[in-house]
Structure formats: structure tokens, C-alpha cells
Amino acid sequence: MTDQDPKGTEPETSESLKAFGEVLKVFRRRAGLTQEQFAPLVGYSVPTVASIEQGRRVPSKKFLERAEEVLDAFGVIRAAAKHLTRRAGLAKWFEEWAELEPLAVTFYIFENRFVPGLIQTPAYARALFEKQIPALDEDRIETNMVRRLERMQLVVDHPQTIYSFIIEEHVLRRQVTTAEVMREQIDRILALGERGHIDIQVMAESRGHHAGLDGPLQLLETEENAWYAYSEAQRTSQLTSDPKEVSILQQRYARMRTQALSVEASVGLLREIRGAL
């Protein structure tokens, strides 16, 4: 979601990941399926399937179960997954959050640093990755871009999920990249806002104190009506499912929705900002 993934959240390609990817590929081909045919059967995007087969992404439990079932793999896929290794330092909380995102039926995001990752354009995302400190090499940038593109698809591929985004106005006015890319980014936000399952609101600069001053915030609800919260700071992040903590953050988000501009007024401001670029 961010321009800088929390430390230790990017799985490094390992021999076990590569081996698992080859096993998956063999069973997929045995079933006579292309990646494009296989992806919707397991409920994931083609880039996600490609990343797993290339040994660049750790498969989720849901993916493993669906792949085992779809490919009739005699338990081999489950068995191979038991031997997967991750890079030292891979944070369990981030892995869990990434697995929760596709399962959300309700998803709330407040951002005061940059355009939320789920609604970024590829050009905007790449600009953020290229300007990170310390600098990323090209291979790492490409790996991050693959993951970002996969996550961008969530808002398009899950029309049954209710999404709410609140973005600080200064985020949209800050030219972190060229005017052309910023115009494209605002056009994407406007286009996504036309979808019935996505609300986008702007927290106006004229708003003084508001409930989100403690920093960015994400909340999601699963089909089982379990709520989770996720927040980030400089190179650190936190995932919580504690009902008391989540309740406090839900209250803050609810207040922010009343403090931000309405959806209609936000569209007007977005068009104004775009016209000024």
C-alpha cells in the first residue's frame, strides 16, 4: 500500500520458493491450463500466479487449498508448501495482512502521505519506488512493482467489496513526480470513484484538527465479520485484531468520514486540482 514496504515484508526468492513454483507449474500444465485460465479458478490474479510460479511470492493458505483442489494434486502441493522458507525478518503481521486484503468485504483506508497503493497508477508507484532512500536497485523495483500491480487489481476484481478512501488534500497537490503523471493519477482516482463500490473523499486543507492526525490507517472486515486494523510509521508497521483497539480506530475513521468533504464535493476538488497542474 505504501511507497516503502515495511522492513522485512518482501519475500526474497529462495530455492524452496523456486522449487514450489516449479511443482505448481508442473501440475498446472498437467491439467492443461494456462496461467490465464488457472488464475480465476483459484481466485487470484494472473500476476499473482506468475509471481508464485517464479518463486517471488509466498502462496497464501487460501491459494494452496484452491490450487490443490483445482489441480487434483494428490496432496503434493500442500506437502511442498510445508518446506517453503522466507527471508529472515519477514514480518508475520504483514504476511497476514496481505492475505486478508483479498478476503475483505469492507475496506477503509486513510492516507496522509501519498496516494494509497490500491488506487495508484503504475507510473505514480514507480516514481515513489525510484525515489526511496536508501535507493533500490532495478531488480528490487521491478519486484515491488509486480506486487503493487497485483494489489491495485483488488479494487477492480472485487466489486462486492465496499471500499472507502480518505485522502489528505496536500497529498493530491504534492507533485512527487511530473505533472503528466499526477494528472493521470487524479484521472484514475476520479474513474474509480465512479464505481458503485468505491467512495473517495478528500480531507480538505481548510479542515483544522481532525480524527486522523495520528497517521495513516487501514481497517478491513472479513466475511466472518472479523475486523482488523493496520497502521504504519517510518519503517515500522502494526496489525491488530484486538476488539478494543479496532473499535477505537473505527470510531476515528467514522469521525473522519464526517470531517472530510462529501464524495460529490471531493470530485469537484479533484477536478480543480487536476486543472491546476
Side-chain angles (χ1 to χ4, degrees), residues 1-12 48 51 56-63 84-104 106-120 124-136 140-141 143-155 161 163-168 170-171 174 176 203 210-222 226-253 256:
M1 300 282 210
T2 69
D3 69 327
Q4 178 175 315
D5 289 323
K7 184 177 181 181
T9 62
E10 175 66 36
E12 227 174 47
T48 296
S51 292
R56 297 188 300 182
R57 178 165 180 153
V58 179
S60 67
K61 293 178 182 178
K62 178 185 175 185
F63 181 92
L84 291 178
T85 60
R86 301 171 171 83
R87 184 179 66 179
L90 177 62
K92 182 64 176 177
W93 43 257
F94 185 81
E95 176 192 335
E96 292 173 352
W97 180 258
E99 290 185 7
L100 287 169
E101 287 183 331
L103 307 178
T106 308
F107 209 145
Y108 298 154
I109 297 174
F110 166 66
E111 187 55 77
N112 61 358
R113 302 165 298 172
F114 36 75
V115 174
L118 288 180
I119 56 176
Q120 290 175 3
Y124 183 96
R126 180 174 290 277
L128 296 179
F129 285 132
E130 290 176 346
K131 295 176 181 179
Q132 281 193 23
I133 299 174
L136 303 177
R140 181 61 183 274
I141 290 173
T143 299
N144 286 357
M145 282 299 299
V146 169
R147 294 185 63 218
R148 182 59 51 82
L149 291 170
E150 292 169 3
R151 299 174 75 190
M152 287 177 189
Q153 281 298 117
L154 283 176
V155 295
T161 301
Y163 290 95
S164 168
F165 295 89
I166 301 175
I167 310 170
E168 289 271 20
H170 67 258
V171 167
R174 178 180 294 134
V176 298
M203 186 70 75
H210 66 75
L213 293 182
D214 274 359
L217 167 66
Q218 299 180 48
L219 294 158
L220 69 75
E221 177 191 18
T222 67
W227 280 88
Y228 299 84
Y230 176 74
S231 58
E232 295 181 343
Q234 292 277 343
R235 297 183 63 77
T236 63
S237 305
Q238 183 176 17
L239 167 66
T240 181
S241 60
D242 181 278
K244 291 184 179 179
E245 289 298 318
V246 172
S247 177
I248 291 171
L249 298 176
Q250 285 174 319
Q251 292 173 43
R252 292 183 182 179
Y253 196 89
M256 279 190 282

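Every heavy atom of this structure was used, including side-chain atoms; hydrogens, water molecules and symmetry mates were not.
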Inset, instruction - Could you check if a side-chain atom of E150 sits within less than 4.5 angstrom of a side-chain atom of E101, using non-hydrogen atoms only? - result: no
Legend entry - Listed partners of F165 passing ring pair (Phe, Tyr, Trp, His ring centres under 6.0 Å), at least two apart: none
Inset, instruction - Mind checking ring pair (Phe, Tyr, Trp, His ring centres under 6.0 Å) for Y163 and listing every partner two or more places apart, or none if nothing turns up? - result: F107, H197
Legend entry - Spacing of CE belonging to M203 relative to CE belonging to M256, to within rounding of 0.5 Å: 6.0 Å
Inset, instruction - Check side-chain contact (heavy atoms from CB on, under 4.5 Å) between I248 and all other residues, then give those that pass, not counting sequence neighbours. - result: R252
Legend entry - Closest contact, heavy atoms only, N112 versus V171: C-CG2, 3.5 Å
Legend entry - Intermediate values then yes/no, side chain to side chain contact (heavy atoms under 4.5 Å, CB included), E168 and F110: CA-CA 8 Å; E168 289 271 20; F110 166 66; 3.8 Å; yes
Inset, instruction - Provide the closest heavy-atom pair for G117 versus R148 in the form atom of the first, atom of the second, distance. - result: O-CD, 3.8 Å
Legend entry - F129 backbone acceptor or donor facing R140 side chain under 3.5 Å: no
Legend entry - Sidechain-backbone polar pair: Q120 side chain, M152 backbone, donor-acceptor under 3.5 Å: no
Legend entry - Under 3.5 Å: donor-acceptor pair, side chain of T222, backbone of L103: no
Legend entry - Any donor-acceptor pair under 3.5 Å from K62 side chain to P102 backbone: no
Legend entry - Interatomic distance, L219 atom CG to Y228 atom OH [nearest 0.5 angstrom]: 13.0 Å
Inset, instruction - Please work out which of the three classes, parallel, tilted or perpendicular, describes the rings of Y253 and Y108, given edges at 30° and 60°. - result: parallel
Inset, instruction - Measure across A229 and L249 and return the closest heavy-atom pair with its distance rounded to 0.1 Å. - result: CB-CD1, 3.5 Å
Inset, instruction - Side-chain contact test, heavy atoms from C-beta onward, threshold under 4.5 Å: evaluate it for I167 versus I119 and give yes or no. - result: yes
Inset, instruction - Could you tell me which non-hydrogen atom of L154 sits nearest to which non-hydrogen atom of L118, and how far apart they are? - result: CD1-CD2, 3.9 Å
Legend entry - pair P216-R113: side-chain heavy atoms closer than 4.5 Å: yes
